[in-house]
Each structure stands twice: as C-alpha cells, then as structure tokens.
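As structure tokens, the structure follows; a few thoughts come after it.
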Amino acid sequence: MMRIIFSRKGFDSTAGGGPSPIIDGRPVSLPIPDTKGLSRTTYGSLGLGDLTSKASRGKYGAKELCHHDPMFLDDGTVMLGQCSSSQGHLSKQGVGPGDVFLFFGLFEGDATGGKHHRIFGWMNIAAVVEVSKADELDSHVQRAISVDHPHFIGMHAGNDAVYFGLGGTASRASDALRLTVPGGPVGLWRRPPWLERGGITYFADKDENWPAPDRMYRVGNGQEFVANVGERSVPRKWLDQIIAEIKAS
C-alpha cells in the first residue's frame, strides 16, 4: 500500500512574505524563516541572502536564520522534519517507508505566468525517526546532527519526527511539474488523472472544490495532503513520470 504525499514547503505570502523565485529557469525553494530559535543556518550560508531579501521585501536577508527543512544533500539523501498537527496527520495516515513525498511550493519568475504552485522535489521514504526516542548511535540520527538539521537541534513539539530517504530537486521549471492551471488562480490545480474525489486528505469532494473533471481547488494552509494509492498502477506510473521529470530537468 503506497501513499503519495503532496507536501507544501518554502516561502509563500504567509511564511516569508512572497513566493520563491525561478532563476534562469530553475525553481529555488526558499526555506521559511526560523521562528523557534532552533536553527544554526542562515540564508547567507545557503547562498540565498539576496534572493531571500528580494522575496521578503527586505524583511529577511543573509544574516537571518532559516528553518532549513527539507534538506537535500549532495549524495541524494533527503531529510524532512515534521511535528504538531501535521505530523499527527502523517502518522494517522500511516505514512512511512515506501511512501513518497512530492514537495511543492509557491513560485514566481521568468516566463511562467505569474504566481503558481509547482512541484520542486521528491523523497522516497526509507526510515522515520521519532526525535524523542532517537538513538544517537543510529546512522540516520548521526547524519542529521552532522548537518544541523533543525529538528535535532531542539524539539519543536512533543511528536517531532524526521523522515529520511533518497530524492532530489528539479533544476528547471518544466510545465509538467506545474500544479496551478495556466492563468490561475493559484489555488486552482490541474487534477492528476488518477485522483478521484475523496482520494486525498483535506481536499473536500464538494462540487465547488472540483469545478471540472480535470481541475480541483487546493485547500487553505495545510502542509501535508495524503493520497493512499494502494497498489494501483495508474498513479504509480504518474508518479514515475513526475520523478523522471525532476531527475531529467
């Protein structure tokens, strides 16, 4: 039984103040600002100082700390921390090894038709670590500590968990990875052909949320939207195509 999780990450009008940029055709997801004092990573240390200052209209810049999560490491390792109600939702839905995160965010730039949501990365989950029960000798934990993953600097909530796996990010803003329909509005998405009403958490199945057979409205400020696709072949083929597009871009 496999789950595909659409996971909202990065800057938007609430977290950061504006969309992440698309620079020379490449989507650059800006980590959200650190609000808990549990970070050792600045935007400048990630080479994102100028982009962050522009996206936030000067509110954040190179010297400010950011919540660097998810982390995409050079060897293909991905780490994602989650907590509070969002982690409770993932746990309730049974998300774990073998499931796949598709990370999306709000972007704007180049000739992409204004602000829109798009997929910018993915992770195939290999392990989940509950931070409160973490063994410091565990190789996953040691790796997370070594790169200052914020959820191993200090507890964000009592149910902190970190997901580990392999994945990557897109190097070009291809149309295949765009979720928002051409011309917008931002929250009106192209519906994946395999996704039926009621087939993804938090997306209501009322008519106004599914305005056309190939469209759906994204719900408000949720972070994790889970589609249990079981063993069906059509969504798996779609997922393979999305991951191939990310890898090829």
Side-chain angles (χ1 to χ4, degrees), residues 4-12 15-16 19-34 38-49 51-52 55 62 65-83 86-87 90 95-107 109 117-129 131 139-153 156 160-174 176-179 223-224 239-240 242-249:
I4 299 173
I5 307 99
F6 290 80
S7 182
R8 182 175 65 91
K9 295 293 176 281
F11 258 41
D12 58 24
S20 290
I22 296 174
I23 305 297
D24 296 328
R26 175 175 172 261
V28 181
S29 178
L30 301 176
I32 64 173
D34 169 46
L38 296 173
S39 173
R40 300 189 185 109
T41 305
T42 65
Y43 287 107
S45 68
L46 298 177
L48 300 175
L51 294 179
T52 300
L65 294 169
C66 65
H67 186 74
H68 187 200
D69 184 32
M71 283 186 173
F72 298 89
L73 305 185
D74 290 341
D75 65 355
T77 298
V78 185
M79 304 177 190
L80 168 68
Q82 195 50 278
C83 65
S86 294
Q87 170 54 24
L90 293 174
V95 172
D99 297 331
V100 176
F101 280 104
L102 292 179
F103 300 111
F104 75 91
L106 182 67
F107 289 88
H117 289 132
R118 70 166 45 253
I119 296 168
F120 68 87
W122 67 284
M123 175 176 68
N124 193 325
I125 303 170
V128 185
V129 174
V131 176
S139 60
H140 294 301
V141 175
Q142 290 180 340
R143 187 75 186 281
I145 292 174
S146 74
V147 295
D148 286 335
H149 191 282
H151 284 263
F152 278 100
I153 292 175
H156 291 63
D160 268 25
V162 177
Y163 296 78
F164 297 84
L166 294 178
T169 59
S171 59
R172 66 184 179 93
S174 71
L177 300 178
R178 180 183 173 117
L179 295 168
Q223 289 191 41
E224 312 292 354
L239 178 62
D240 288 343
I242 291 295
I243 293 175
E245 184 69 21
I246 296 172
K247 289 181 175 180
S249 59

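Starting from 1, each residue takes its place in the sequence as its number.
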Exercise for review: Would you indicate whether the side-chain heavy atoms of V141 and F152 approach each other to under 4.5 Å?
Suggested key: yes
Donor-acceptor pairs under 3.5 Å, side chain of residues 21-33 to any protein atom, not counting sequence neighbours: which ones?
none

Exercise for review: Can you measure from OG1 (T42) to CG (D34) and round to the nearest 0.5 angstrom?
Suggested key: 11.5 Å
Check your understanding: Hey, what do you get for CG (L90) to CD (Q223), rounding to the nearest 0.5 Å?
Key -> 9.0 Å
Check your understanding: When you measure from the side chain of R40 to the backbone N and O of V147, does any donor-acceptor pair fall under 3.5 Å?
Key -> no
Exercise for review: Would you please indicate yes or no on a ring centroid separation below 6.0 angstrom for H149 and H67?
Suggested key: no
Practice item. Going by the side chain to side chain contact (heavy atoms under 4.5 Å, CB included) test, name the single residue among L179, L177, D12 that passes it with H117. Key: L179
Practice item. Give the minimum heavy-atom separation between C83 and D160, together with the two atoms involved. Key: CB-OD1, 3.0 Å
Point to revise | Spatial distance of atom OH (Y43) from atom CG (L65) [nearest 0.5 Å] | key: 9.0 Å
Review point. Any chance the rings of F120 and F104 have centres within less than 6.0 Å?
Key: no
Revision key, fill the gap. Scanning both residues in full, the closest heavy-atom pair of A161 with V128 reads CB-CG1, 4.3 Å
Point to revise | Straight-line distance of I246 CD1 to F103 CZ, nearest 0.5 Å | key: 10.0 Å
Practice item. State plainly whether the residues D75 and R143 are in salt-bridge range, i.e. N to O under 4.0 Å. Key: yes
Practice item. Please round to the nearest 0.5 Å and tell me the distance separating atom CG of D148 and atom OG of S39. Key: 8.0 Å
Review point. Which atom names give the shortest non-hydrogen contact between I5 and E224, and what distance separates them?
Key: CG2-OE1, 3.6 Å
Check your understanding: How close do V78 and W122 get, heavy atom to heavy atom, and via which atoms?
Key -> CG2-O, 4.1 Å
Check your understanding: Is T52 reaching over with its side chain to a backbone N or O of L48, donor-acceptor style, under 3.5 angstrom?
Key -> yes
Exercise for review: Would you check, one step at a time, whether the test side chain to side chain contact (heavy atoms under 4.5 Å, CB included) holds for F101 with I125?
Suggested key: CA-CA 8 Å; F101 280 104; I125 303 170; 3.4 Å; yes
Revision key, fill the gap. Residue pairs passing the salt bridge (Lys or Arg N to Asp or Glu O under 4.0 Å) test with at least one member in residues 96-107, sequence neighbours excluded, are R3-D99
Review point. Can you name the closest pair of heavy atoms from L80 and S7 and give their distance?
Key: CD2-OG, 4.4 Å
Exercise for review: Say whether, by atom type as modelled, one donor and one acceptor occur between the side chain of N124 and the main chain of V100 under 3.5 angstrom.
Suggested key: no
Exercise for review: Can you spot which of F164, Y163, F72 makes a side chain to side chain contact (heavy atoms under 4.5 Å, CB included) with M123?
Suggested key: Y163
Check your understanding: What closest approach, in Å, do P150 and H68 show between heavy atoms, and which atom pair accounts for it?
Key -> CD-O, 3.5 Å
Point to revise | Any residue meeting side chain to side chain contact (heavy atoms under 4.5 Å, CB included) with A62, in chain and number order, not counting sequence neighbours | key: none
Study note, to complete from the structure: To the nearest 0.5 Å, atom NE2 of H151 lies from atom CD1 of I145 at 14.0 Å
